Asks: 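This is the structure I have questions about; it appears just below.
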Amino acid sequence: SLNLYAGTSCGIFMSADNGDNWTAVNAGLTNTNISALAIDPAVSTNIYAGVYGLGIFKSVDSGKNWVVANAGLTNFDFQIFAIDPVTPSTLYVGTFGDGVFKSIDSGANWFKVNTGLTSTDIQALAIDPVTPSTLYTGTWDSGVSKSTNSGGQWTAVNTGLTSLDIINLAIDPVTPSTLFAGTFSDGVFRSTDSGEHWTEVNTGLTDTHVKSLAIDPSTPSTIYAGTFRGGVFKSTDSGSNWVTVYKELTDTHVVSLAIDPVAPSTIYAGVWDSGVFKSIDSGSNWTSFNTGLTSVRISSLALPSEGLSTVYVGTEGSGVFSRTSIRKSNSLLLYIPSIISGRITD
């Protein structure tokens, strides 16, 4: 069976029967408004939770118990985590208003790494899976910045972007010099030179408010985009052309997508006001699985699949929010923009 986790305004819930029943796993949490989530790519029982207004908590037993991991943080409006795939004791968190914080001791201590950033309103973080000292950040109003020294220095890389409101970033797991940026109003942009230049790739994309991106790990030329009003779009040519693949979805506001890295024809979609949907045929058909969820307003999904498969589901309220994919070995994390920041708008 598939273990599922839900981060909500009422805390974190776990289901051990594919979502049929849910149990709270909040021991040690002193606030239950969950605002960000990350899974250790090497040890999937290690989980980090950003608690809105309070700080970061860590669990080493799949969420059964939580301890605070806050030292050095000065902002608790968490948007997204990113974990170094080679050295998971190194991790980053993006905040809205105070930039990027870094920890090199598994979250015990944090320090700012904002030198060179022109905006501290972080929306996206992505780590190069081959060279993890290379990171990208997307901001609400200043585009994409890049660091080649593990966050020590950032440089804007916006040539070709017509929108600087970056909602999400996705890196090709096979060719990490290729990456994609989803924007608030101008659709998807692609870079094939590590962010130095960007090209709009929107043919067939009828909704250019892109909430989520997911790249097929086995066939990286296949990409899925979740949009604000248009549902799910799919491209099989690295974003050059898009077609809709959402059929059974009862609501088209798709705020999160995750692909099973072992069986990439299996895709999960988090749909605002309609819950979690699953496709086992590469997006052609979708079914919902929501029984027991206290909220069907989904904000993010995370799917690690080494050992026991676990899907983490974030729902409305203060839910689990963030926005970029990081892939290491058999693990995939997908992050979507924060709903509590009020930036999901008409």
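Since we're looking at a predicted model, the values are computed, not measured. Atoms considered below: every heavy atom in the structure, side chains included; atoms not considered: hydrogens, waters and symmetry mates.
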Asks: Could you walk me through whether I166 and T183 pass the side-chain contact (heavy atoms from CB on, under 4.5 Å) test, one step at a time?
Replies: CA-CA 5 Å; I166 307 300; T183 68; 3.9 Å; yes
Asks: Given the rule in the side chain to side chain donor-acceptor pair (under 3.5 Å) test, do S265 and D281 qualify, once you have shown the distances and angles that lead to the verdict?
Replies: CA-CA 5 Å; S265 60; D281 54 10; over 6 Å; no
Asks: Can you name the closest pair of heavy atoms from S147 and S150 and give their distance?
Replies: OG-N, 3.7 Å
Asks: Would you call I267 and Y224 a side-chain contact if the rule is heavy atoms closer than 4.5 Å?
Replies: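 I267 reaches Y224 side chain to side chain.
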Asks: Please report the shortest heavy-atom distance between S119 and I122, naming the atom on each side.
Replies: O-CD1, 4.1 Å
Asks: Are any side-chain N or O atoms of W110 and backbone N or O atoms of Y92, one a donor and one an acceptor, separated by less than 3.5 Å?
Replies: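 Not a single qualifying donor-acceptor pair exists.
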Asks: Working to the nearest 0.5 angstrom, can you tell me the gap between L135 CG and W154 CH2?
Replies: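 That separation rounds to 4.5 Å.
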Asks: Report the distance from atom OG1 of T30 to atom CG of L54, rounding to the nearest 0.5 Å.
Replies: 4.0 Å
Asks: If only atom types and distance count, is the side chain of D207 paired as donor or acceptor with the main-chain N or O of G230 below 3.5 Å?
Replies: yes
Asks: Look only at the side chain of S185 and the backbone of H209, and say whether a donor-acceptor pair between them is shorter than 3.5 Å.
Replies: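 Answer holds: no.
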Asks: Where do V254 and K211 come nearest, in terms of heavy atoms and distance?
Replies: O-CB, 3.3 Å
Asks: Do I259 and P217 touch side chain to side chain, with heavy atoms closer than 4.5 Å?
Replies: yes
Asks: If you look at every heavy atom in S238 and S235, which pair is closest and at what distance?
Replies: N-OG, 3.7 Å
Asks: Could you grab the distance from atom CH2 of W66 to atom CG of D61, nearest 0.5 Å is fine?
Replies: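 Here the interatomic distance stands at 8.5 Å.
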Asks: Is it the case that the side chain of W242 and the backbone of T206 share a donor-acceptor pair, with hydrogens and angles ignored and the cut-off at 3.5 Å?
Replies: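 Side chain of W242 to backbone of T206, a donor-acceptor pair under 3.5 Å: no, none is there.
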Asks: So does G97 get a backbone contact from the side chain of D77, meaning a donor-acceptor N/O pair under 3.5 Å?
Replies: no
Asks: Evaluate L169 against F180 for side-chain contact (heavy atoms from CB on, under 4.5 Å), listing each step before the verdict.
Replies: CA-CA 6 Å; L169 295 167; F180 299 83; over 6 Å; no
Asks: Do D84 side-chain atoms and L91 backbone N/O form a donor-acceptor pair below 3.5 Å?
Replies: no
Asks: Should V60 and I56 be counted in the same cluster of Ile, Leu, Val, Met, Phe, Trp and Tyr side chains packed under 4.5 Å apart?
Replies: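 No, V60 does not connect to I56 through the hydrophobic network.
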Asks: A side-chain contact here means heavy atoms from C-beta on lying under 4.5 Å apart; do T199 and F189 qualify?
Replies: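 Contact flag for T199/F189 side chains = no.
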Asks: Under a 3.5 Å threshold, yes or no: a donor from one side chain and an acceptor from the other, between N285 and T287?
Replies: no
Asks: When rounded to the nearest 0.5 angstrom, what distance separates CG in L205 from OG1 in T227?
Replies: 7.0 Å
Asks: Within the structure provided, determine whether V67 and F57 are in side-chain contact (heavy-atom separation under 4.5 Å).
Replies: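 No, side chains not in contact.
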Asks: Would you call the rings of F78 and F81 parallel, tilted or perpendicular if under 30° counts as parallel and over 60° as perpendicular?
Replies: parallel
Asks: Check whether more than 12 heavy atoms from other residues, nucleotides or ligands sit under 6.0 Å from atom CD1 of I104, and answer yes or no.
Replies: no
Asks: If I take atom OG1 from residue T120 and atom CZ from residue F96, how far apart are they, to the nearest 0.5 angstrom?
Replies: 8.5 Å
Asks: Just checking, any donor-acceptor pair under 3.5 angstrom between side chains of N241 and T203?
Replies: no
Asks: Measuring from S284:OG to K234:NZ, what's the distance to the nearest 0.5 Å?
Replies: 6.0 Å
Asks: Can you check whether S133's main-chain N or O pairs, donor with acceptor, with T131's side chain at less than 3.5 Å?
Replies: no
Asks: Return yes if some donor-acceptor pair links the side-chain N/O of K146 with the main-chain N/O of S194 below 3.5 Å, else return no.
Replies: yes
Asks: Can you check whether Y48 reaches S106 side chain to side chain, under 4.5 Å on heavy atoms?
Replies: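 Y48 reaches S106 side chain to side chain.
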Asks: Carefully, step by step, assess K278 and T266 under the rule side-chain contact (heavy atoms from CB on, under 4.5 Å).
Replies: CA-CA 7 Å; K278 178 181 178 180; T266 297; 3.7 Å; yes
Asks: Any carboxylate oxygen within less than 4.0 angstrom of a Lys/Arg side-chain nitrogen, looking at E200 and R190?
Replies: no
Asks: So W198 and T159, do their side chains get closer than 4.5 Å, heavy atoms only?
Replies: no
Asks: Would you name the heavy atoms of P132 and V86 that are closest together and state the gap between them?
Replies: CG-CG2, 3.7 Å
Asks: Does T139 use its side chain to pair, donor to acceptor, with the backbone of S142 at less than 3.5 Å?
Replies: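 Yes; judged by distance alone, with no hydrogens or angles, the pair exists.
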Asks: Quick check against the 3.5 Å criterion: does N114 have a side-chain atom that pairs as donor or acceptor with the backbone of L117?
Replies: no
Asks: May I ask you to test the T222-I215 pair for a side-chain heavy-atom distance under 4.5 Å?
Replies: no
Asks: Would you say the side chain of L161 lies within less than 4.5 Å of the side chain of V144, judging by non-hydrogen atoms?
Replies: yes
Asks: Determine the minimum heavy-atom distance between I127 and P85, stating which atoms define it.
Replies: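 Result for this residue pair: CG2-CD, 3.8 Å.
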Asks: Kindly determine whether L213 and V188 satisfy side-chain contact (heavy atoms from CB on, under 4.5 Å), including the steps that lead there.
Replies: CA-CA 9 Å; L213 291 169; V188 179; 4.1 Å; yes
Asks: Would you say the side-chain atoms of D186 and T162 include a donor-acceptor pair closer than 3.5 Å?
Replies: yes
